[in-house]
Structures are given as C-alpha cells and as structure tokens.
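Residue numbers start from 1 in every chain, and the chains themselves are labelled A, B, ... in the order their sequence lines are given, proteins ahead of strands.
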Amino acid sequence: MQDTLTKKLFDVDNIRKDFPILGTFSNGKPLVYFDNAATSQKPVSVINAIGDYYRNYNANIHRGVYSISIKASDAYESSKRKVSEFINAKSDREIIYTRGATESINLIAYSFGADNVNEGDEIIISEMEHHANIVPWQELCKRKNAVLKVIPVTDTGELELDEYIKLLSDKTKIVSVGHISNTLGTINPVKDIISIAKAKNTNICCIVDGAQAVHHTKVDVRNIGADFYVFSSHKMYGPMGTGVLYGRAELLEAMPPYQTGGDMIENVSFSQTTFNEIPMKFEAGTPNVEGAVGLNAAIDYINSVGFDAIYVQESELLQYATEKLMEINGLRVIGTSQNKASVISFVVKGLNAFDIGVLLDGSGVAVRTGQHCTEPLMDKLCIPGTVRVSFAFYNTIEEIDIFIDALKKAIGVLQ
Amino acid sequence: MQDTLTKKLFDVDNIRKDFPILGTFSNGKPLVYFDNAATSQKPVSVINAIGDYYRNYNANIHRGVYSISIKASDAYESSKRKVSEFINAKSDREIIYTRGATESINLIAYSFGADNVNEGDEIIISEMEHHANIVPWQELCKRKNAVLKVIPVTDTGELELDEYIKLLSDKTKIVSVGHISNTLGTINPVKDIISIAKAKNTNICCIVDGAQAVHHTKVDVRNIGADFYVFSSHKMYGPMGTGVLYGRAELLEAMPPYQTGGDMIENVSFSQTTFNEIPMKFEAGTPNVEGAVGLNAAIDYINSVGFDAIYVQESELLQYATEKLMEINGLRVIGTSQNKASVISFVVKGLNAFDIGVLLDGSGVAVRTGQHCTEPLMDKLCIPGTVRVSFAFYNTIEEIDIFIDALKKAIGVLQ
Amino acid sequence: MDKTINEIENEIIDEFNFFESWQDKYEYIIELGKKLTNFPDECRNNEYKVKGCQSSVWIVTNEQSNKIIFKADSDSTLVKGLIALLLRVLNNRGADEIINAKLDFLDITGLKQHLAQTRANGLAAMINKIKMYAIAYKTKHESVN
Amino acid sequence: MDKTINEIENEIIDEFNFFESWQDKYEYIIELGKKLTNFPDECRNNEYKVKGCQSSVWIVTNEQSNKIIFKADSDSTLVKGLIALLLRVLNNRGADEIINAKLDFLDITGLKQHLAQTRANGLAAMINKIKMYAIAYKTKHESVN
Ligand SMILES: Cc1ncc(COP(=O)(O)O)c(C=O)c1O
Ligand SMILES: Cc1ncc(COP(=O)(O)O)c(C=O)c1O
C-alpha cells in the first residue's frame, strides 16, 4: 500500500518526457545518461524559459528605465529569492551569482581570505575534495604563508572525524568540506563538522561545497550552520554558466570586492571609488539574466518533483545498481559509506577505466572515467582512476540493466 | 544604381524576422529597441543553437569518453576556432572564455599585473573608459602602489593624443583603452595608440576593450597590434554569460593562473599542484559549453550579414538620427567625433534624462539614461547623465521616426 | 487634515483609476512634480541627499506638535511627482502612523511596477529614510517621557 | 617492408571498412592492443611517459640504418591497439617520411572521432612525440653530413 502510494508520487516515464535528450540515440542505441554528477540534463521547462527570455524580454538590468529591462530585472531578482528560499537563506541579499561553484570558492578564498587569513593560520579541507575545493586554498596558503590541513578518508570513503577534531587548533581560520563527494557519493555530516568547529571557536569560517548536494537532498544552510555554501546551476538541471555563492550577510558585508567593474560600484572617480551594497558588490559586469531565469525554472522543476520522490527514486537506483555491480567478478566498488548519494565509482581488476568507458559508449551508455578531479583521493586510495556512474531521478532500473549487460560484455572483450 | 545594389545587400525587413523580440509589443506599442550598446537582441539561430545543444548533446567536456561529451567538446573547440578567425588571432590557444569583458579585464589586471607591475609603475587608461576598464586598474594600483594616468578627452569626445604621448614614460607598463566608447560612440584610433606605445617601449602591454567594437566593425587583433583584446558575447548577438579574452600566447604562457579548480590543472597533490597549458590554464571549472555554442552561432550570423552591410545600415541610422535630433530645440548631442559608431548620447536643456527615458518607454521606445558606467566622463563633461540611443543593423529609419516623435512629445510634457 | 493614511491612499487609487493610459498617469505625476516647489534651496546639498542611481532625492524634516513634517525634492520631475504623492500620504503625521504605513497604493496603482521599483530613482531609499526619521523621532520622544 | 605509408594506411582503411559496427572495430583494436607486448618493462617509467589525462603512454626509440624504430605501450588496451596501428604505419621509416606523414587514416576510419580526439587518451601527444623524435633525428643526421 505504502509502496503503491510512493510509486504514484512519481511516474518516471512521465518525468523522462520532460527531458528531450533522454529520448535521443547514441551510437544507434538509446542514450543511457549516467554522468549526472558531471552535469545534469535539462527539462524542457528550463530550455523554454531560456528561449522565452531571449524571445520576449532580453535586456540589461538594474539601470533600465524601460519595460523589458524592468521585467528582466524582476526576473533576476525573483530568481535570487527563489534560490534564497530553496536553501533557506535569511535574505536574498545573501545570494551572489557567480559562474559556477569553482568561481564561488575562488571568490571566498580571495575575498574572505584577504583580511582573515594570515601567516601561520590554518585551513582545513579533506582528502576527498574536488580540485575546486583544494587548489584555491593551496593558492591562498601560498599568498599568505598559511597552512593547509587535510582530514583523512577511511577505506570505506568516509571522513575520519576523530582526526578532524585533532586538526582543529587555535590557528584554524577556515574549514571547507564537500557536502557530497562527487567520486565516492559519500554524504558528509556537514552539520556536525560545522558544529564541532564552531564549538572550538565561533569565528572559524565554515564553508560547504554543495555542488553535488543541492539537487539530491533538501539543503537548509541555516540549519547546517554554514557561513558559506556554494553550488552550480548546471548540475541541478539549470543552465551552464551560473553558480551560487551563499554567504552570511554579516561576512559578505565585511569582505572586500572580488572582481570590479560595472554594477558593483556605487561611485567611480579617479580619486576614489566606492562599492555597492551586497549582493551587487560581488557581481561585477553585466549579470547573466539568462542563467538566473534558467536556474529559477530548474528550482521550480525540482520543487514540482519534490525531494521525497527524488530520494525514493534515487535510493532505489543506487541500491539496485550496487547489488548488480557487486555480482560481477573482479569488480570493486570504491566508496561504501552507509550514507551515500546516487553516485557509484568502481574498478575492475586488471582493466583500465578508460577502456571500459569507451566500450560502454558503444552501447549508448555514458559514464565518466578517470580521477573525477579528485586526484589526491585517487592517490590515497592507490588507484589510477575509476569508472563512475551517477544517477538522477530520471534514470531507470531498465537503464541499469542495459548498463550492466554492456559492462559485462565490455569486461569480456577486454579480459 | 550603387544605392539599389547596397540595398540589395541587405534587406532589413528580412533581417528583423530573424530576431523574435523585434516583433513584440511594449506598453501596447511595437517595441523600438535602441539600447543595443547595453545588450543586443538574439537571432533565432542563436536561440535555437542553445535549445539544440540542451536537447541533443549537453555534456561536460574534455574528459568525457562518450559520444555526446565528444560532440560537446568538438562544439566548444570549434567555437574557439571561430572566435580566433573572427578576430584574426594566430591560434585558438590565444582565446580564453570568461564570463564577460569585465572578467576578462579583471583577469589581465590580476594575472598579468601580478608579475609585471610594481611600485611606482604607471598604467594609462582614458577618461572615457567604462568602469570595467577603470576600477580593475585602480585596484591593481592599490595592491602594487602603482600610478594610474588618464588620457583626457576633448569637448567633442575624442582622446587627446598629444596628452597621451606626454603621459608615456619609462615607467609605463600598461596602456588599456576602449576601442569604441559606449557613451559617446567615438571610435578610438587604437592601432595608432598601440604603435605609439610600442615605439616608446615594445614591452608596454597594450590592451583594447573591444566590448563595443567587435559587432560594429571587422576587428583584426594582429593588425591592431593588441597584446590583449576583450569583449562580451551578449553585446554581439550571442548569449549572456560568456566573454572573450584574447591574449598573445607568449604573454598568456608566462602569466600565473587566475581562478583555480577543475580543468585548469595538470596534476594536483597536497604537496604540489601543476597547471594545464593555455588556454585551459585560465578556464577553471566546468566550461560554459552553451555559451560557446551560442557565441559560435552569433558569429556565423554576423558573418552571414557581413560587416559591409552592417556598416552601411548602421551609418545610415547614425546619420539620420543625428540630423533629426539636431533639429530639436535645446537638445545637445554629447560626443561629436568624426569617427563614430551608431551610439548617440544627448541631453535636453532643463530636463532630466531619467524622465525622458520613462516617457519614451511609454511609447515603446527602449533607451538608456544615466551615466552608462562612465561616471568620470560625465564628471569631466559636467553633466549628470545623458539619454543614449544605440542602434544595431536591425534597427530602421521608421523606428527613428517613432523615437523622434515620442521624444518631442516627452519634451513637450516635461517642459 | 483629519483623513487617515488609508483614506488618502484610497483617494489616490481612485484618481489613478480615472486615467486610462499610463501616458495620462505620467502626465498627472509630472504635473504634481512641477507643483512641488517648497523645498528650501540651501538644503539641496549632499547632507540631505538620498542615494539614487540616476536621479537625486533630497529630504529635510522638522517636527511640530507631535507630528513630523517632511520637505523633499528631486532633479527628476517624475520622482518629484511621486514625492508629492508620498508626502500627501505621510506628511504631518505621528511617528507610529508613519512607521506602520504599508503604502499599498504604490502597488495597487501600478506606480511601483512602472516607476518606483527601478533602483534608479531613489524612491525606495527615500521611503526608507522617512521611516528611519520616524523611528528616530519616536525613540527620542519615548526616552523623554 | 617495402610498402609506403600510403599503402599501409589504405590497408588499414580497408580493414576498418570491413567491420560493420564500431563494436566490432573496437574489438579488433583491442585484439591488436593485447598483442602489443614487446615494450621493455624497465622503460615503463616517467622518463618515457607521454602526458595523457586518463591513460598513460610510454614510448622508446632507437635508430637502425637510417630508420627510426619505436616501441610504445599504454595502460589502456584500446590505446595500445591504436599504438599498434600507428606503429604499423610509422615504424622503421626514415625521418622525412615520418615528419611528412599526414595520418589521414585516423580521420577516414573514424578513429580520430571515436577515440583519438579525446584529450583523455594521450594519442595526440604520442604522435607529437614521434614527430619530434623524427625532427630531432633529422637535425642530428644533417649536421653530421
Ligand atoms: C564536489 C564538487 N565541487 C565543485 C565542483 C565544481 O563545479 P563547477 O565545475 O561547476 O564550477 C564540482 C563539479 O565539477 C564538484 O563535483
Ligand atoms: C566599453 C565597455 N567595456 C566593458 C563593458 C563590460 O562588459 P560586460 O558588462 O559584458 O562585462 C561594457 C558593457 O557594459 C562596455 O560598454
């Protein structure tokens, strides 16, 4: 009974009709898209929102006195409000649009780092971070002579919290961790991680890289207690080219600007330039209204599906695929945390991940192979790379069957 | 005869059909879009290219082993080649995609500035620059204790080249000027400006802000002699969210990275991180493939219309509108250089630009009012702001007539 | 003046309903703007200026028997017209009345959508300033009691 | 071996035309890859490595009576298959022949599109390296004469 109810919550065949690309063919076979952690596909409502914008009210915003500019400004502002509600920020002044999660982290490292990190200070990240949450901190440490500390990862792909606690010190200024690992699927206990840091010292700045989280689970930045939270539109069914930086207003207000130019200034003269209020202070140049409109439509779409249904569907896919994969001889799943999102990395004994990926493509199955921008994690686990499959709610059990068949064939050919 | 031939080169009615928004209504009147210098409208080929991308081959690029990822990578690369040819760069390795002209200038100021500008060094810009080509240099000067020098502007809105020559010194490290003024329409002699600087010292880095130029006139970066040339897709009929930074390979190769993260690295480890080759070194994070695809389509569109036809049509609009405006009592055109693009700023005695803009909107005419992100120029000219009309090749003489009528009515009501 | 804020807002809404086109509404606002001439010249300076991107707004205040009195000006005739409407509603009232005013007429008449919402005109900043004055006045007044 | 580069390229093109599906072509490449076993173990190190993002390629070279001889290896069987094809065309030839080889067969067979163009596999870097060897060899050889 419960089950039928849940099923009714969510009709995957109908959902799939919303995503035009899922009906296409690849190498003569129906496309099976299992690279959702790299970028998601877009529902027709997002594609149409972009088209509608360019067909009907494309204009530069904020300073326009004419109707389509006012309409475009409204659309931009309401997109901000939508994002703000989506992650339960206190105010849309706390939402900054960037180019992507990578730029969001660069902005924090540069601008928050400028005044708050000094020689000898410590920044804590983890071994499973995406390069985007490693290299900006390495660069900041270089500029400031600060020290990067790294939380180790267990064999099952979880953070060693005991070690984390030991790393915290009076010199810790920043803790920046991923919410969900793009390689392992591990869901990190970010709320605990932050409360541990804040218990040590409320001034420790806590940053969460949510690039792999916002589309899988309901995120509440205030409940988590994050000072900053970043993510990318393109991984959550929205357009490419837009990212989000959430930051507590208090912190953002105190930070110096990052990029400078139009829209982020209040007054410019050759003797003195003053900057605009947040969030505009951090948005230099013509804002990407298209991206804002598309992201708004993407959030509407996610909300219309609902996180309950998303969770049920994605858990089922994760469980089924894991079981099927485990049955294959010589295959090892990398990342076996109890608490996982629908991302599975694996290696097959004696075989190269790239070769497997290419052969799967021959069967229409799109997967990612390699290091997934987490080279230090690969080094730690002593593997050159993995095959990674990552599911969205629009994927199906039937697709997993196609994938498993194709994988078995590929292994047969390669061995 | 010649005239009929020219007319045949270009059928504006047909052209207008390519731009869906030009057929819409604003406040019950046909939209007359004269704010092209702020952002251009998009032809259906660009809108469809974006839709086609998301419907058929949306994927993360560079590391993908599957077909749609390879197709998306190809599309991204061929967009780079298209841009490279469009501005006659030597190689597509010299083309970096950014978020917009503003980010391109910030990247240069940060990354080129890091090693090449030191205490006491001088940077030359001009009084007519857009804030995007002022504030990043002010910030660099602040970081480095360098000195900003400013080429003055004449009453007609031209650069005082004599003064420029006097500003050049042994300490000059950078000259950065706009190709076409977004407020005055002045076409600056950038080739001369650069050769004067290079004659003084070939190591002076010469940057051209081409945000207002690439869609009006054929740009040849090598002929101009620019070390860097920047522009924005959204002002040249392409999508928002993408900009271009052209830089000579030699310079780019020597520069440190700007933002860091995925795609721009070669190897990451906690002990040492090495960076990728150009252009990837400067493209951190998931590239905006949509933007690249859209920009490619925009350049195809511009090429299909042709710069000859664009020039003829835009010159005619400029001339006709200037004449009609001059007939209006108390109206003064700001920026009367001989060499002008289709941008006209004006003030009306005793009246406020904002009021005029709002009333024009009531007649369906979209214009920009204010300082146009060129506050120092306004200060120099002692005006609080202007009304600006800026034409694209899809605008018509009939639209100018509608505008002039509406303007006369607005003046009548306000006086 | 015994009318409540609500009553005056309703008057304004009725007036705006009377006009058919926005062209006419604008002309009415412009007329109001042209008639707003009581701002003291010596106050048209930075001290009394409210930030607005495209048009400047100046505002001065004083008190008279528990009421707050505002005078304001702008370099934009349209904004002056809006000021005239706003002061017709808020001028010469007690601090609490001002603080609690919702100013729904700006929405209902469509003024907000057409004019008041653009960041450009400084009207939002002016409303803010008026409310801040009222709050400051109230604080002072209460601490005196 | 007297066949020209062109003749061998045409042979390969014919072979690939023979297969109907890419599945079959891949299997053929994989077979070739599995058979490529003559790489000296001690050279599978960083010195001889060619940069490739996902798969590593190693290459060693030596000279024999005016011809250049290559041996190469990869951790990817597919890339090894490509190496086998490439060496079938380029191995044991004079420097000029190598330098001037257009390698059109990679395009005509579709190998480039399906495999060789992805930055991931290091094949482009390998071709580069082979040509660089040939150029270096030629320079050395000419300066001797
Ligand atoms: C965990 C994580 N963080 C950050 C990023 C960077 O996101 P983007 O490339 O969109 O900037 C990604 C995706 O690539 C990711 O998976
Ligand atoms: C001359 C000039 N430079 C730079 C810019 C900045 O371009 P963007 O806002 O697209 O970054 C503009 C447009 O706003 C401009 O007109």
Handout entry: Under 4.5 Å from any heavy atom of chain B - which part of A/Leu31
Key = side chain
Exercise for the section: Would you mind checking which part of A/Val289 comes under 4.5 Å of any heavy atom in chain B, side chain (CB onward), backbone (N, CA, C, O), both or neither? Expected result: both
Problem - Which atoms of A/Phe275 approach chain B - backbone, side chain, both or neither, heavy atom under 4.5 Å - result: side chain
Practice task
Please work out whether the ring planes of B/Tyr258 and A/Tyr258 are parallel, tilted or perpendicular, with thresholds of 30° and 60°.
Solution key: parallel
Problem - A/Ser26 versus chain B, the contacting section by heavy-atom distance below 4.5 Å - result: side chain
Practice task
Give, as side chain, backbone, both or neither, the part of A/Ile61 having an atom under 4.5 angstrom from any heavy atom of chain B.
Solution key: backbone
Handout entry: Proximity breakdown for A/Phe19 and chain B, heavy-atom pairs closer than 4.5 Å
Key = neither
Practice task
Check whether A/Val150 gets within reach of chain B through its side chain, its backbone, both or neither, counting any heavy atom under 4.5 Å.
Solution key: side chain
Completion exercise
Most contact-rich option vs chain B, by heavy-atom pairs under 4.5 angstrom, among A/Gly100, A/Cys373, A/Pro239, A/Pro256, is A/Pro239
Exercise for the section: Determine, step by step, whether B/Glu283 and B/Tyr97 satisfy the side chain to side chain donor-acceptor pair (under 3.5 Å) criterion, reporting the C-alpha distance in whole Å, the side-chain angles of both residues, the deciding distance to 0.1 Å, and the verdict. Expected result: CA-CA 7 Å; B/Glu283 295 186 355; B/Tyr97 282 161; over 6 Å; no
Handout entry: Pick from A/Leu148, A/Val365, A/Thr286, A/Asp263 with the largest number of heavy-atom pairs that fall under 4.5 Å of chain B
Key = A/Thr286
Handout entry: Side chain, backbone, both or neither of A/Asn106 within contact of chain B (heavy atoms, under 4.5 Å)
Key = side chain
Completion exercise
If one checks every heavy atom of A/Gln41 against chain B at 4.5 Å, the contacting part turns out to be both
Handout entry: Side-chain donor-acceptor contact under 3.5 Å, B/Thr273 with A/Gln138
Key = yes
Completion exercise
Whatever's closer than 4.5 Å to a heavy atom in chain B on A/Ser40 counts as backbone
